[in-house]
Structures are given as structure tokens and as C-alpha cells.
Protein chains: 2
Amino acid sequence: MTIGDSVHTPTPLRTDHYEFTMLEAALAGHNGDKQCVFEVFSRRLSSGRRYGVVAGIARLAEAIETFRFSEETLDFLRRDNVVARSTIDWLRDYRFSGDIDVYREGDLYFPGSPIATVRGTFAECILLETLTLSILNHDSAVASAAARMVTAARGRPILEMGGRRTHESAAVAAARASYLAGFSASSNLAAGARWGVPTGGTSAHAFTLLHGDEKEAFRAQIAQYGTDTTLLVDTYDITQGIRNAIEVAGPRLRSIRIDSGDLSEMAMQSRELLDSLGAKDTKIIVSGDLDEYAIAALSGAPVDTYGAGTAVVTGSGVPTAGFVYKLVEVEGRPVAKRSESKVTVGGAKTAIRRHKPTGTAIEEVVVAQGRPDRQPGDQDLQVPLFRGGKPMELPSLSRSREFLRQRLISIPWEGLKLSPGDPAIPVIIR
Amino acid sequence: MTIGDSVHTPTPLRTDHYEFTMLEAALAGHNGDKQCVFEVFSRRLSSGRRYGVVAGIARLAEAIETFRFSEETLDFLRRDNVVARSTIDWLRDYRFSGDIDVYREGDLYFPGSPIATVRGTFAECILLETLTLSILNHDSAVASAAARMVTAARGRPILEMGGRRTHESAAVAAARASYLAGFSASSNLAAGARWGVPTGGTSAHAFTLLHGDEKEAFRAQIAQYGTDTTLLVDTYDITQGIRNAIEVAGPRLRSIRIDSGDLSEMAMQSRELLDSLGAKDTKIIVSGDLDEYAIAALSGAPVDTYGAGTAVVTGSGVPTAGFVYKLVEVEGRPVAKRSESKVTVGGAKTAIRRHKPTGTAIEEVVVAQGRPDRQPGDQDLQVPLFRGGKPMELPSLSRSREFLRQRLISIPWEGLKLSPGDPAIPVIIR
């Protein structure tokens with residue numbers, strides 16, 4: 001039996017089969033209603049990254065709110081023998097009724113940071129495992145990569161244009177996460193419609209090829225949009241393309257885009273040529289497989305704006321954040337897996353970040369089943385996301401974006417290096 | 001203005017802003033109705049892969065069928081000034097009316113293989129660029145990685161359990177793509193509901209921790225599901241866990257799962273222990289960061305089933321297939337970008353794969369604006385997906401899965417090596 005279409009997949013099926021198996025066995029054994037605490041954290045930062053960026057919190061809140069079982073969904077679960085009749089009845093009334101505390105969207109995280117704490121019965125919490133991880137792992141991976149690119153760009157704007165390199169829904173979330181991380185706009189229209197991310201874009205090589213003659217293509221674009229547009233000048237020959245662009249648009253053309261070749265060399269030659277043609281204010285946008293290292297390498301070139309695609313939407317080598325969702329407390333008793341190589345600290349955690357009087361972060365202190373001693377400069381890291389199943393109000397995406405900007409100023413400067421190294425600050429778990 | 005929610009994002013907004021900019025300028029300049037041919041192909045196989053697997057064709061057909069503009073979507077485009085009034089009217093009536101030919105889902109592709117050819121007016125085809133690429137790039141990346149894992153597993157089944165490591169919608173498509181590539185089942189319930197992918201799963205460490213006592217947890221699971229289930233034995237101590245499992249379930253227990261430690265060593269010790277306890281038919285499932293290399297390294301270990309997560313859903317180091325969507329023909333005239341370093345061959349292509357009399361593939365021959373000379377053993381590679389805007393009937397996912405299995409038998413055996421190398425067969429483009 002198949003239901004719905006890929007766009008309308010019910011939220012509660014965006015999960016793993018075993019959550020329902022565990023649910024059913026727990027309900028049958030009368031353990032489903034035990035009060036539990038689950039924690040979301042990452043054991044490490046991959047590839048020697050020095051920090052991660054928490055992203056997806058608003059999407060998570062929305063997903064949990066819509067985690068309800070329609071009759072159609074229940075029919076599927078019954079007919080496919082995922083669960084038995086009694087569990088179906090339990091699922092029909094399901095809605096999360098517990099508490100969730102999270103690191104704010106745009107905050108930093110390090111190995112062991114408890115970025116989410118989920119409290120409720122075992123039954124209600126176990127169903128949220130996969131969906132919670134999918135959202136936080138994806139969005140945080142993109143935001144973490146994007147933040148490094150923003151640092152590398154040293155104030156120059158970056159446009160996200162990678163939607164075509166990732167799943168069509170992931171593309172929307174990736175546009176949101178990269179905007180959160182400081183990108184200036186996205187090519188993805190759905191991210192504009194859904195999250196208010198500024199969108200932009202002008203034309204591709206196909207548009208020039210359609211017209212055959214490059215000047216004709218430029219004329220068509222200028223006729224429609226005026227000179228406040230970007231002409232793509234590298235379809236045939238970049239030098240001639242720039243000459244054609246300025247001939248058609250005049251020296252007040254807003255910008256040109258270069259999408260191929262040695263971008264550093266091309267940018268320098270293009271700047272000289274534009275200046276010689278009197279187009280001193282025409283900006284240069286470069287794109288083409290840019291990651292944080294390529295962006296950093298272009299810092300000396302006369303580039304005004306970067307376009308980033310594949311690297312940002314795929315996490316620039318780290319496509320998932322590595323968060324896990326672990327049971328840490330049952331009815332007030334700390335629990336933890338004990339087999340070799342994957343040690344988890346049991347107990348619900350309280351996390352603070354400690355700062356110097358100057359405001360520079362020193363360390364995170366995470367205490368299981370207790371609270372850290374307070375010192376001046378300490379900041380609580382978790383804030384309520386759900387209380388008794390009710391979602392709390394969230395900051396706007398713009399505010400979260402500014403929050404991250406401030407957070408990146410607060411860590412020791414070594415933490416902003418692109419090279420592999422230790423986490424920017426240690427996490428002390430007690 | 002924001003619309004909808006992330007689950008219900010309208011299909012035609014899963015696209016890039018610049019497609020609408022180009023559309024508008026083309027319509028205004030009376031070039032929008034020129035007959036065009038766009039081609040989807042990849043310039044290379046990343047990381048020395050020897051073949052790629054075409055996946056996502058059925059999803060693409062569905063997406064194009066639902067590419068219609070609702071009034072709500074048109075309102076967004078108007079209010080956000082993406083396009084002007086006249087274009088809105090054109091979009092209101094939009095439905096793709098052209099022809100699309102594709103490589104079959106489950107076929108192989110190599111650098112330059114024209115895996116999709118889209119024919120129609122410039123205006124109707126340009127809007128499909130991003131969505132087409134998103135679907136094919138994502139699904140093919142997952143299927144290509146998954147197929148290598150299936151080869152490495154040498155007939156042992158692999159379960160896909162990576163949904164938590166990728167975007168919650170990408171997870172559904174990834175489960176489908178890995179099943180296409182030969183995985184035996186997925187943990188993702190939505191993939192079961194939507195695409196009929198077999199799903200499975202039993203329990204996590206949380207279930208054992210909930211019960212405190214491991215034997216109690218096993219008893220609860222056996223009480224619900226009988227001995228035809230999988231017990232996770234590595235929460236505390238694997239040796240004791242196996243003893244507990246067999247004590248509770250008896251020697252007819254279907255399987256145990258090990259999710260940590262040196263999996264090769266653990267599998268050997270576990271097999272010995274199970275045999276000594278009389279559980280000679282109890283299977284061993286191993287999981288934990290398995291990619292194609294780790295799976296290959298376990299070929300000598302007494303493993304019955306693999307569980308793969310992060311690596312398969314993120315393309316095992318190649319998270320996107322690198323397909324591009326290029327204009328190759330305008331009103332019968334071949335066109336191509338000519339600037340350095342990215343050369344595209346113009347003209348609509350016909351592709352055949354040439355075979356030895358034994359059935360082994362030798363090469364692909366791709367001819368622009370013509371047809372290859374036919375030889376015995378030649379096979380046409382493109383099949384119709386749309387004709388005059390009407391979708392053609394597609395093979396079932398099971399049939400595409402079997403098609404890929406046969407295709408992998410047809411390439412020279414070196415093509416199945418995991419090590420970096422040349423494409424399994426060359427593509428001759430004329």
C-alpha cells in the first residue's frame with residue numbers, strides 16, 4: 001500500500017520503523033509511560049572543525065506541532081503490520097505533551113554540548129528521535145559550513161545558489177540555514193516564500209545561448225530590468241563579454257558575473273577592464289565550486305560578491321552534523337550505554353558558557369543532574385522550546401542571524417580559523 | 001510574505017529565482033517560444049568512481065506533473081516582485097507540453113552520458129532546470145554510493161538506516177534510491193508508505209536502558225514479537241548481552257545486532273559464542289558508520305546482514321551527482337558555451353551502448369544531431385518519459401532494481417572495483 005505523494009508525506013512517517021516497534025513493546029510491557037529525558041548532542045566536530053552552528057530549531061518546532069496521525073497514516077501502519085490494533089488507538093490520540101529545551105538557533109555548539117533536552121514519557125519521546133535528528137543534523141551541517149564561508153568572505157556578501165545540488169526539499173532548508181549563517185540571499189524561491197529569505201538571480205548561459213548573439217541577450221535583459229541587473233559575461237569570451245556588457249548597459253551596470261576560469265585572475269583582469277571602460281562602480285560576482293578555502297583564496301582579488309552552491313548545501317565535506325538522540329534519564333535515574341568506544345554521560349544536563357570579563361568565551365560547563373556554580377559572565381545556553389506540549393515563541397530568522405554573528409565574535413579568535421584544530425572552547429562535563 | 005509550510009512547499013517554487021528572470025526577459029523579447037533542447041549530463045564521475053547510477057526518474061515525472069501555479073503561489077511571485085503581471089498570466093496556464101527522454105531508472109551513466117533530453121519552448125523548459133537537477137543529483141548520488149556498497153556486500157543483505165543523518169524529505173528519497181540500488185530494506189516508514197520499500201527495525205539502546213535490566217528488556221521485546229526479532233546486544237557488554245539474549249529467547253532467536261566496537265572481531269567472537277550456545281541459525285547484523293570500504297573489509301567476518309546509515313544517505317563522500325542542465329539546441333541549431341574550461345557539445349544527442357557478442361558493454365556512443373551507425377549488440381539508452389506533456393508509464397521500482405542488477409553484470413568486471421579508476425566504459429561523443 002502506498003499513500004500520498006512525496007511532497008505530502010505525513011510528518012509522523014518521517015521516522016524509523018524501530019521507534020514504533022519499541023513503542024509497542026514498551027506499551028505492552030507497561031513501561032511506555034515512564035518519565036524519560038532524551039538528549040541531543042554530538043560526540044565530535046568532524047574534520048577538525050572548531051565549532052558547529054545550531055540550526056533547524058524553528059523547523060523542529062513546526063515538525064513536532066504537526067506530528068499527528070491521520071486515519072490514512074494509521075491505515076498504513078496497520079496494513080503494513082508496523083504495529084498492532086492497540087497501538088493504533090494510542091497513536092490516534094498522540095500529541096507531544098512534554099518539555100523541550102534547546103540551544104538557540106544560531107548558537108554555537110561543541111562536542112558534548114546538550115543542544116536539546118526532551119522530557120516526557122518514553123512512548124511520546126521515542127517517536128520524535130528520527131525526525132528531530134534529521135532536521136538538526138541537516139540544517140546544522142549546512143549552517144556550520146556556511147558560517148565558515150562567511151568568515152572567509154570577510155564581509156563580502158555570499159549568495160546561496162546550491163539548490164540544484166541537493167534534494168528539492170533539503171534545498172529550501174539549506175537556503176534558510178545559510179541565510180541564518182550570514183549569507184546575504186538565496187536563489188531558492190521556496191525559501192523566500194516559506195521563510196522570508198531574500199532571493200535573487202538574473203540569468204544563466206542558456207539565456208545568452210538562446211539569443212545566439214551575446215549583445216542581443218544583454219539587450220533583452222536590460223530592456224526588462226534596466227541596468228540594475230547582473231550580466232553573465234563568460235558564455236563565449238570574458239573580455240569580449242565585458243566589453244559587450246558595458247557597450248549595451250553603459251557604465252552604470254550594477255554587476256557582472258563570472259562562472260568559470262581562474263576566478264582570481266579573471267576578477268583582476270575584469271576589474272581593470274571595467275575601470276578602463278568607465279564602469280568603476282560595476283560589481284564583480286564570481287561563482288563556480290566555491291567553498292570556504294576557495295573564498296579565502298580570493299580575498300586579495302577584486303571580487304565584490306561570491307556565489308556558493310554545492311559546497312554549502314552539502315556541508316562542505318561534512319554533510320551531517322553527527323547529532324545523536326540518547327536516553328539519559330528514566331524516572332529520575334541517570335542511564336547510559338556502557339559498551340566500549342561510545343560512552344555517554346547519563347542524567348539530564350544543565351549547560352552554561354563561561355566568559356572572561358571582556359566577553360570572550362572560555363568554556364562550556366555541563367552538569368548532569370545539577371547546576372553549575374554560577375560565576376560572573378556565565379550564560380545559560382538552553383531555552384524552552386516546548387512546555388507541556390505547547391510551543392514557545394521563537395525569535396525571527398533575522399534575530400537568530402544576528403545572534404550567531406554576535407556568538408562568532410565571542411569565541412577566541414583561533415576558533416575562526418579554517419584549518420583543522422581543537423574546538424574553539426572546551427566542554428567540561430561533570 | 002511567507003506561504004504554506006515546509007512540507008507543502010509548492011512544486012514550482014522549488015526552483016531558482018533566475019529561471020523566472022530569464023523567463024520574463026525571454027517572453028518580453030519574444031524569444032520565449034523558440035523551440036529548444038536541454039540536456040542533463042555530468043562532466044565527470046567524482047573520486048574516481050567507475051560508474052554512476054541513474055535514479056529519481058519516477059520522482060522527476062511526478063514533480064513535472066505537479067508543476068502548476070496556484071493563485072497563492074502566483075501571489076507570492078507578484079508581491080515579492082519576482083515577475084511582472086504579464087508573466088503571472090503566462091504562469092497561470094503553465095503546464096509542461098514538451099517531450100522528455102531519459103536513461104531508465106537503474107541504468108548506469110558515465111561522463112557525458114545524456115541522461116535526460118528535454119524538448120519544448122525555452123520558456124517551458126527553463127523553469128524545470130533546478131527541480132530536475134535537484135531530484136536527479138540527489139537520488140543518483142545516493143544510488144551510486146549504494147550500488148558500490150551492494151557490490152562490496154557480495155550478496156549479503158544491507159539495510160538502509162540513515163534517515164536521521166539527512167534532511168527528513170531527502171531521507172525518503174534516499175531510502176528509495178538505496179533500495180533501487182539493491183539494499184534489502186529501509187528503516188524509513190515514509191519510504192514504505194510512499195514507494196513500497198520494505199521497512200524494518202527492532203530496537204535501540206534506549207529500549208534496553210528504559211528497562212534497566214537487559215534481560216528484562218529482551219523479555220519485553222520477545223513477549224511482543226516472539227523470537228523472530230533482532231536483539232541489540234551491545235548496550236552494556238556484548239558477551240553478556242549475547243548470553244542474555246539466548247537465555248531469554250532460546251536458540252531459535254532470529255538475529256542479534258552489534259552497533260559498536262571492532263565489528264570484525266566482535267562478529268567472530270559472537271558467532272563462536274552463539275554456536276556454543278546452540279544458536280547456530282541466529283544471524284548477526286552489524287552497523288556503525290559502514291561505507292563500501294568497511295563493508296568490503298568485513299567480507300571475511302561471519303556477518304549476515306549490514307546496516308548502513310550516514311555513508312549511503314550522503315553519497316559516501318560524493319553527496320551530489322554533478323549533473324548540469326544545458327541548452328544544446330535552439331530551433332534546430334546546436335549551441336554551446338565556449339569559454340575556457342567548461343566545454344559543452346551542442347546539439348540534441350542520441351546515445352547507444354555497444355556490447356560484445358558475450359553481452360559485455362564496450363562503450364557508449366553519443367551522436368549530436370544524428371544517429372550512431374547500428375551494430376549488433378547496440379542498445380538504445382534513452383526512453384520516452386513525456387510526450388506532448390503527457391507522462392509515459394514507468395516500470396515499477398522492483399523492475400528498475402532488477403534492471404540495475406543486470407546492468408552491473410553487463411559492464412567489464414574492473415568497473416565494479418571500489419578503487420579509483422577510469423569509467424567502466426568510455427563515452428564517445430561525436
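Below, all heavy atoms of this structure are taken into account, side chains as well, without hydrogens, waters or symmetry copies. Order of the sequence lines sets the chain letters (A, B, ...), proteins ahead of strands, with each chain counted from 1.
- With a threshold of 4.5 angstrom between heavy atoms, A:Ile126 approaches chain B through side-chain atoms but not through N, CA, C or O.
- Between the side chains of A:Arg14 and B:Ser169, at least one donor-acceptor pair of N or O atoms lies under 3.5 Å.
- Note: B:Leu189 leads B:Val313, B:Leu133, B:Thr229, B:Leu189 in heavy-atom pairs under 4.5 Å with chain A.
- Ring geometry, A:His167 versus B:His167: the interplanar angle falls under 30°, so the pair is classed parallel (tilted spans 30 to 60°).
- Interface check for chain B: of the options A:Thr21, A:Leu327, A:Val330, the most heavy-atom pairs under 4.5 Å are formed by A:Thr21.
- Both the backbone and the side chain of A:Phe207 have a heavy atom closer than 4.5 Å to some heavy atom of chain B.
- In terms of modelled atom types and a separation under 3.5 Å, the side chain of A:Asn137 and the main chain of B:Arg164 share a donor-acceptor contact.
- A donor-acceptor distance shorter than 3.5 angstrom exists from the side chain of B:Ser134 to the backbone of A:Gly163, with no hydrogens or angles considered.
- Between the side chain of B:Arg165 and the main chain of A:Thr320, no donor-acceptor pair closer than 3.5 Å is present.
- For A:Tyr325, no part lies near chain B; criterion is any non-hydrogen pair under 4.5 Å.
- For the set A:Ser203, A:Ala174, A:Ala141, A:Ala173, the count of heavy-atom pairs under 4.5 angstrom toward chain B peaks at A:Ser203.
- Side-chain atoms of B:Ser187 and A:His17 form no donor-acceptor pair, as typed in the model, at a separation below 3.5 Å.
- Nearest heavy atoms, A:Gly201 versus B:Tyr18: C-CB, 3.6 Å.
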